[in-house]
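Notes to accompany the following structure.
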Amino acid sequence: MTKKNTVSSLKNHCLVAMPSLDGSLFERSVILICGHTKKGAQGLMLTHPLEVTFGDLLVQLNLSVASGFSKQAKPIFCGGPVSPENGFVLHTGTQAYTSSILLEEGLSLTASMDILKAMAYNKGPSESQIFLGSSQWDAGQVEREIETHLWLVVPFTLELLFTISVEKRWAKAVQLAGIQEPYQLVKTIGHG
């Protein structure tokens, strides 16, 4: 009898790309799963900054900013290839915005403009990361991808999102899986 993944819901876990995904959009990606039901899964890539900054986004959206607001170099991230015109903010704090969803204690996901307006006036959450687009899977798809060794599953930590530099997130996530050095991962799995 084959042992199945014991995580019934992947929500608040991260998918860590295996080397077999090298050369794809998901190469060295870490994806926080924000929702997972029998209908499918949705998540945000934590590892792919875009060339657009928060200041650029505010200009594109024609949002006013507080006097003295500097166009922050805070990067915007590619959340995934699905609906890149849709924005999402992962953030700390207890403030609820129009479309906030509590993911876990201390972390929410918001997809409404009111959070961007608050951030433009320095009244937003203390920690935040903005994403354009998301990563999505149909029913059973993410489970099949895990079974075929495209992804490692690790618990999510706020440190991974807000403390670890973008360049080190994938290696840190690999370590969360109990693998000390990323070079220990192999591209193919032998079946003997």
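Keep in mind it's a predicted model, so treat the numbers as computed, not measured.
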L160 and K172, any side-chain heavy atoms less than 4.5 Å apart
yes
In sequence, state the C-alpha distance, the side-chain angles, and the governing distance for H91 and T110, and then conclude on side chain to side chain donor-acceptor pair (under 3.5 Å).
CA-CA 8 Å; H91 59 92; T110 299; 2.7 Å; yes
Just so I know, are the side chains of I76 and D56 near enough to count as touching, which here means a heavy-atom distance under 4.5 Å?
no
Answer whether the closest heavy-atom distance between the side chains of L103 and F156 falls below 4.5 Å.
no
L102 with L32, same ILVMFWY side-chain cluster at under 4.5 Å
no
Tested for side-chain contact (heavy atoms from CB on, under 4.5 Å) against V30, the lone hit among T47, I164, L152 is T47
For the residue pair F77 and F131, categorise the inter-ring angle as parallel (less than 30°), tilted (30 to 60°) or perpendicular (more than 60°).
tilted
Look up atom CG in L44 and atom CD in Q129, then write down how far apart they are to the nearest 0.5 Å.
9.5 Å
Quick check: do P81 and S135 have side-chain heavy atoms less than 4.5 Å from each other?
yes
So, for L46 and R169, which heavy atoms are closest and what is the spacing to 0.1 Å?
O-NH1, 2.5 Å
Supply the atom-to-atom distance L109 CG to F88 CZ, rounded to the nearest 0.5 angstrom.
6.5 Å
When every non-hydrogen atom of A173 is compared with those of V16, the smallest separation belongs to CB-CG2, 3.5 Å
Are any side-chain N or O atoms of K74 and backbone N or O atoms of I130, one a donor and one an acceptor, separated by less than 3.5 Å?
no
Ignoring hydrogens and angles, tell me if any N or O in the side chain of W151 forms a donor-acceptor pair with the backbone of E145 under 3.5 Å.
no
Decide whether L63 and L50 are clustered together by the hydrophobic rule: side chain heavy atoms of Ile, Leu, Val, Met, Phe, Trp, Tyr closer than 4.5 Å, transitively.
yes
Over 12 non-hydrogen atoms of neighbours within 6.0 angstrom of CD in E51
no
Please name the pair of heavy atoms, one in Y97 and one in A118, separated by the smallest distance, quoted to 0.1 Å.
CE2-CB, 4.1 Å
What is the distance from atom NE2 of H36 to atom CD of E143, rounded to the nearest 0.5 Å?
3.5 Å
L25, V82: one ILVMFWY side-chain cluster at the under-4.5 Å cut-off?
no
Please find the pair of heavy atoms, one from G87 and one from L132, that lie closest to each other, and give the distance.
CA-CD2, 4.0 Å
Treating Ile, Leu, Val, Met, Phe, Trp and Tyr as nodes and any side-chain heavy-atom pair under 4.5 angstrom as an edge, say whether V174 and V166 lie in one connected cluster.
yes
Measuring from L15:CG to I33:CD1, what's the distance to the nearest 0.5 Å?
4.0 Å
pair L10-W137: side-chain heavy atoms closer than 4.5 Å
no
Side-chain heavy-atom pair M18, L150 within 4.5 angstrom cut-off:
no
Report yes or no: do S29 and H48 form a side-chain donor-acceptor pair below 3.5 Å?
no
Using the side chain to side chain contact (heavy atoms under 4.5 Å, CB included) criterion, which residues pair with E127? Sequence neighbours excluded.
T92, F162
How many angstroms lie between CG in L161 and SG in C14, if you round to the nearest 0.5 Å?
8.5 Å
Side chain proximity check, P125 to M119, heavy atoms < 4.5 angstrom
yes
Steps toward side-chain contact (heavy atoms from CB on, under 4.5 Å) verdict (L21, E27):
CA-CA 5 Å; L21 288 170; E27 180 175 347; 5.7 Å; no
Measuring only between side-chain heavy atoms, which start at C-beta, is Q42 closer than 4.5 Å to C34?
no
Once rounded to the nearest 0.5 Å, what's the spacing between atom CD of Q141 and atom CD1 of I146?
11.0 Å
For A111 and S99, work out which heavy atoms get closest and say how close.
N-OG, 3.0 Å
